[in-house]
Every structure is written in structure tokens, then in C-alpha cells.
Amino acid sequence: GVSIMVFSMVILALPVGVMGGTFSQEWDRFAREKQEKTVALEKKMDFITSAIKKLDPVKIAPLVLIEVWHNHPHLPCHANARPPPTTFLGEAKVDVQLSDRPEEKEVCVQLEENHGLVKRSVSGKLRVKYLWTPSQAKTVIRKANAEIAIEDFHIHGTLQLTLISAEGQDNRR
């Protein structure tokens, strides 16, 4: 009776070890694939951004991307690295007017999602003021017709951005 009970426990315990080992292997494979996909996506985005800059710098140059993160004192944040994705509150794109004259403008922009960082909705808005001061060197933005590439593209000056207010930031949805 006792030997049958011990034998049954040994036989029943074998699949648990095998399943646990298989689960660990599959989890490691999943984590590796996820990391590889993230790296591949970052490379694709860098390539696309670089290509857009080369194809139409007039369109991309005046765009400013503002990322909003929750700065929690107990979460690790390393220099030159993004904070943990759980602290991402959204991003906003500001289209600044660059010309050969000084420009000061205050704009209100809606926070947007970035599913490349975290897959959840965000809400909120930012009020931003920017001051564009061209330098003495002339800012030249000349665009040729559609068949010919941009002849000349130079922007010289100082762009100062000031965050006036932020309201309604929510990333829990």
C-alpha cells in the first residue's frame, strides 16, 4: 500500500517538472522575441525618420516632440535612458513657425498615445509657449517644384520652449 502511494506520487510529480522546464524555455523565447521586435521597430522608426528628414526637411524641421513622463522618486531612472514605460503620460507635437523674423506664440496641444512605448490610451493637454529668434545668418527655406529636390535648407537661430501648464494627464485607461 505504502509503496504504491510513493510510486504514484513520484509518477505524478514528473510532469510538473517537465511542464515547469518547458514553461521557462517558452517564457525565455517569448522575452527574446519581444526584445528583438522592439529593436527592429526602433531601427525601422529611425530609418523612416531619417528618410523623411532627407526627403522633406522643410516639413520635419519645425516639428518639436514633447514626451511627458511621471517622475516618481522611487522608480529607477538612468541618465541617457528613458524612464520605465509605466510612467509614460503621453506625447505632444508642436509645429513651430520658423522664418527669418522673430516669432513668439503660445499653443495648446493634446497629449497623444505612443503604442511603440506603451499600449494604452492617454489624455491631457499642454500649454506651451515658444520663442523663435533667428540669428544674424539668414534663414533660407527654398522649396523647388515637386520633381526637383530642395535646393537650399538652412535654419539658424534659437528656439526657446516654455511649458506654461499641463492638465488632465491620465494614463490609466
Side-chain angles (χ1 to χ4, degrees), residues 25-72 75-100 103 105-135 137-163 166 168-173:
Q25 289 172 352
E26 287 300 310
W27 185 260
D28 291 342
R29 185 181 61 78
F30 169 76
R32 240 185 350 270
E33 286 177 3
K34 186 176 177 183
Q35 179 64 26
E36 289 169 1
K37 284 180 183 178
T38 301
V39 168
L41 180 63
E42 286 176 3
K43 285 182 180 177
K44 285 179 186 175
M45 293 304 292
D46 287 345
F47 174 77
I48 291 169
T49 303
S50 176
I52 290 171
K53 285 183 204 175
K54 289 176 186 171
L55 294 175
D56 197 355
V58 173
K59 193 175 267 185
I60 197 82
L63 290 178
V64 176
L65 177 67
I66 301 172
E67 292 182 343
V68 181
W69 300 81
H70 175 66
N71 187 12
H72 194 282
L75 289 175
C77 187
H78 307 289
N80 300 325
R82 280 191 163 149
T86 55
T87 62
F88 180 71
L89 295 174
E91 65 185 25
K93 294 175 187 83
V94 179
D95 189 2
V96 297
Q97 303 300 312
L98 303 177
S99 69
D100 56 355
E103 176 83 29
K105 193 170 183 181
E106 191 171 307
V107 294
C108 186
V109 289
Q110 194 71 32
L111 286 178
E112 300 173 2
E113 303 162 354
N114 182 337
H115 290 291
L117 289 173
V118 65
K119 290 183 179 16
R120 68 167 171 264
S121 61
V122 299
S123 66
K125 57 184 175 180
L126 305 176
R127 183 166 298 284
V128 178
K129 182 170 118 180
Y130 70 83
L131 174 61
W132 163 247
T133 309
S135 66
K138 187 161 174 106
T139 299
V140 179
I141 302 177
R142 264 196 318 247
K143 195 169 184 178
N145 65 25
E147 290 103 30
I148 302 172
I150 294 167
E151 293 175 20
D152 224 345
F153 182 73
H154 305 285
I155 296 176
H156 299 280
T158 303
L159 179 64
Q160 179 183 356
L161 259 69
T162 306
L163 178 63
Q169 283 69 39
D170 185 11
N171 67 352
R172 293 179 281 166
R173 290 186 269 152

Spatial distance of atom [atom1] ([X]) from atom [atom2] ([Y]) [nearest 0.5 Å]:
| X | Y | atom1 | atom2 | value |
| --- | --- | --- | --- | --- |
| D46 | L41 | CG | CG | 9.5 Å |
| R127 | L163 | CZ | CG | 11.0 Å |
| K105 | D95 | NZ | CG | 8.5 Å |

Contacts of [X] that satisfy salt bridge (charged side-chain N to carboxylate O under 4.0 Å, His left out) - sequence neighbours left out:
| X | answer |
| --- | --- |
| K129 | E104 |
| E42 | none |
| K44 | none |

If you take all heavy atoms of [X] and [Y], which pair is closest and at what distance?
| X | Y | value |
| --- | --- | --- |
| Q97 | W132 | O-CD1, 4.0 Å |
| K93 | L65 | CG-CD1, 4.0 Å |
| V109 | A92 | CG2-CB, 3.6 Å |

Under 3.5 Å, side chain of Q169 to main-chain N/O of K125, donor-acceptor pair present?
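The answer is yes, because a donor-acceptor pair under 3.5 Å joins these two groups.
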Flag, side chain of S121 to backbone of E113, donor-acceptor distance under 3.5 Å
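Pair absent, no side-chain N/O of S121 close to backbone of E113.
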Crowded around N71 CG? As in, over 12 foreign heavy atoms under 6.0 Å?
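Not buried by this count: 12 neighbours or fewer within 6.0 Å.
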Sequence neighbours excluded, which residues qualify as side chain to side chain donor-acceptor pair (under 3.5 Å) partners of [X]?
| X | answer |
| --- | --- |
| N114 | E91 |
| E103 | none |
| R29 | E26, E33 |

For Q35, what residues pass the side-chain contact (heavy atoms from CB on, under 4.5 Å) criterion, not counting sequence neighbours?
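Applying side-chain contact (heavy atoms from CB on, under 4.5 Å) to Q35 gives V39.
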List in chain and number order the residues that pass side-chain contact (heavy atoms from CB on, under 4.5 Å) with L161, two or more places apart in sequence or in another chain; answer none if no residue qualifies.
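V64, I66, V128, Y130, L159.
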Take L126 and L111, measure what side-chain contact (heavy atoms from CB on, under 4.5 Å) needs, and give me the verdict at the end.
CA-CA 7 Å; L126 305 176; L111 286 178; 4.0 Å; yes
Could you check if a side-chain atom of D28 sits within less than 4.5 angstrom of a side-chain atom of R32, using non-hydrogen atoms only?
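With C-beta onward as the side chain, the pair touches.
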